[in-house]
2 protein chains.
Amino acid sequence: MKYSQATDYALHAMLYLVTAAPDKPVGVQLLAEKLGVSQTYLSKMMTKLVKAGLIQSATGANGGYRLRRKQEDISFLDIIHAIEGTASLFECSMDHGSECLIQQVVMESERQMEQYLGNKKIADVAKLMQAK
Amino acid sequence: MKYSQATDYALHAMLYLVTAAPDKPVGVQLLAEKLGVSQTYLSKMMTKLVKAGLIQSATGANGGYRLRRKQEDISFLDIIHAIEGTASLFECSMDHGSECLIQQVVMESERQMEQYLGNKKIADVAKLMQAK
DNA sequence: CCTGTTATAGACTTTAGGAATCCATAATAA
DNA sequence: TTATTATGGATTCCTAAAGTCTATAACAGG
Ligand code: SF4
Ligand code: SF4
């Protein structure tokens, strides 16, 4: 069980967008160079972030991506969900209904993790990074 | 990001061992039938559970598996770690050392989840199941 | 000491999904 | 109109999970 590589890229890309100048959108080609990944591949993740409403895109010359919400309103969970989806970590073969005790335990543990990730905003780490 | 199917099987197998009579070990062939999975495949997971010290095995006639510790001392986390391993959910390409803020956030969220799973003992759900 | 029973191990095949590339198309600023 | 940029789909590549097969080791019972 691992987070996909795509999540890694998305987190770094978002972090870069935060530190970038907010007036000029930053294009995927610059972003890809910074992260060391191909443009076309990275663009897939960026599109997911757009569809999740975390960033907005602009085509054409001087286009690119910029944040849609404030950094204080974007959590780690938002980004992870945008890339990985929101399905549960645990899916059993035969579904015995909502009273299944195994699923209840695993899902509650999942909720614990998501609660932490949901409270951790991207602004929190951005501040700490710039403090260095 | 998902738990492997093997974890699913292991959880169910452990739960079955708990409800089974503690004097007679239960063999993989019976277990496999109950869970609807092949013997040889299931035996892989059972062996992992043995190596993790959760259950003990006996070869030969009337052999099989039984719990090694008391059910109150076996947590969901024990089982999951035995199957999935203990590696972190997040591994970045280039490791920038322990001061990396992204990793700190993700690992702390992981710790939250594991704390819950570590406190949830298999005896807890076994009791509830038999109460029905 | 045999024999049937059971767990363990390794090699192997199949399957599924992540990772990445390529190319075509749409949108838009200059 | 043109250069620039994002979006989308199809496609390939690769790795790990999922599952099978077969051989071997350990052991209880007669
Ligand atoms: S008991 Fe729960 S986890 Fe197990 S098969 Fe039924 S619904 Fe699925
Ligand atoms: S900043 Fe952290 S997560 Fe990103 S590459 Fe460096 S060590 Fe890895």
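What's counted below: heavy atoms across the whole structure, side chains too, no hydrogens, waters or symmetry copies. Residue numbering restarts at 1 for every chain, and letters A, B, ... go by the order of the sequence lines. All values reported here derive from a predicted model rather than from experimental measurement.
Between the C1' atom of D:dA6 and the CZ atom of A:Arg66 lies a distance of 14 Å, rounded to the nearest Å. In this structure, CD of B:Gln29 is placed 13 Å from C1' of C:dG4, rounded to the nearest angstrom. The interatomic distance linking B:Lys51 (NZ) with C:dA7 (P) rounds to 15 Å, in whole Å. In this structure, A:Leu49 places its CG atom 10 Å from P of D:dT7, rounding to the nearest Å. If you measure from atom CD of A:Gln56 to atom P of D:dA6, you get 13 Å, rounded to the nearest angstrom. To the nearest angstrom, C1' of D:dA18 lies 15 Å from CG of B:Leu35. If you measure from atom OH of A:Tyr65 to atom C1' of D:dT4, you get 13 Å, rounded to the nearest angstrom. The distance between atom CG of A:Leu42 and atom P of D:dA6, rounded to the nearest whole Å, is 10 Å.
Counting only heavy atoms from C-beta outward, the side chains of A:Leu77 and A:Tyr116 never approach each other to under 4.5 Å.
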Does the protein touch nucleotides 15-23 of chain C at the base, only the backbone, or not at all? Give it as B, S and - per nucleotide, heavy atoms under 4.0 Å. ----SBBBB

Base versus backbone protein contacts along nucleotides 24-30 of chain C [heavy-atom cut-off under 4.0 Å; B, S, -]: ---BBSS

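The closest donor-acceptor contact from the side chain of B:Gln103 to the backbone of B:Glu91 lies at 3.5 Å or more, if one exists at all. A donor-acceptor distance shorter than 3.5 angstrom exists from the side chain of B:Glu84 to the backbone of B:Ser4, with no hydrogens or angles considered. In this structure, A:Thr47 contributes its side chain and A:Ser43 its backbone to a donor-acceptor pair below 3.5 Å. In this structure, B:Gln39 contributes its side chain and B:Ala32 its backbone to no donor-acceptor pair below 3.5 Å.
Using a 4.0 Å heavy-atom distance criterion, B:Ser43 is classed as a base contact. Residue B:Ser57 is classed as a sugar-phosphate contact, given heavy-atom separations below 4.0 Å to backbone atoms only.
Within 6.0 Å of the NZ atom in B:Lys34, the count of heavy atoms belonging to other residues, nucleotides or ligands does not exceed 12. Heavy-atom contacts from other residues, nucleotides or ligands closer than 6.0 Å to CD of B:Glu33 number 12 or fewer. Surrounding NZ of B:Lys121 are more than 12 heavy atoms belonging to other residues, nucleotides or ligands, all under 6.0 Å away. Taking a 6.0 Å sphere around CD of B:Glu72, one finds it holds more than 12 heavy atoms contributed by other residues, nucleotides or ligands.
Within a heavy-atom distance below 4.0 Å of DNA chain D, no residue of residues 76-90 of chain A is found.
B:Thr19 and B:Gln130 share no donor-acceptor pair across their side chains, judged by distance under 3.5 Å alone.
Taking the charged nitrogens against the carboxylate oxygens, B:Glu114 and B:Arg111 have no contact shorter than 4.0 Å, which rules out a salt bridge.
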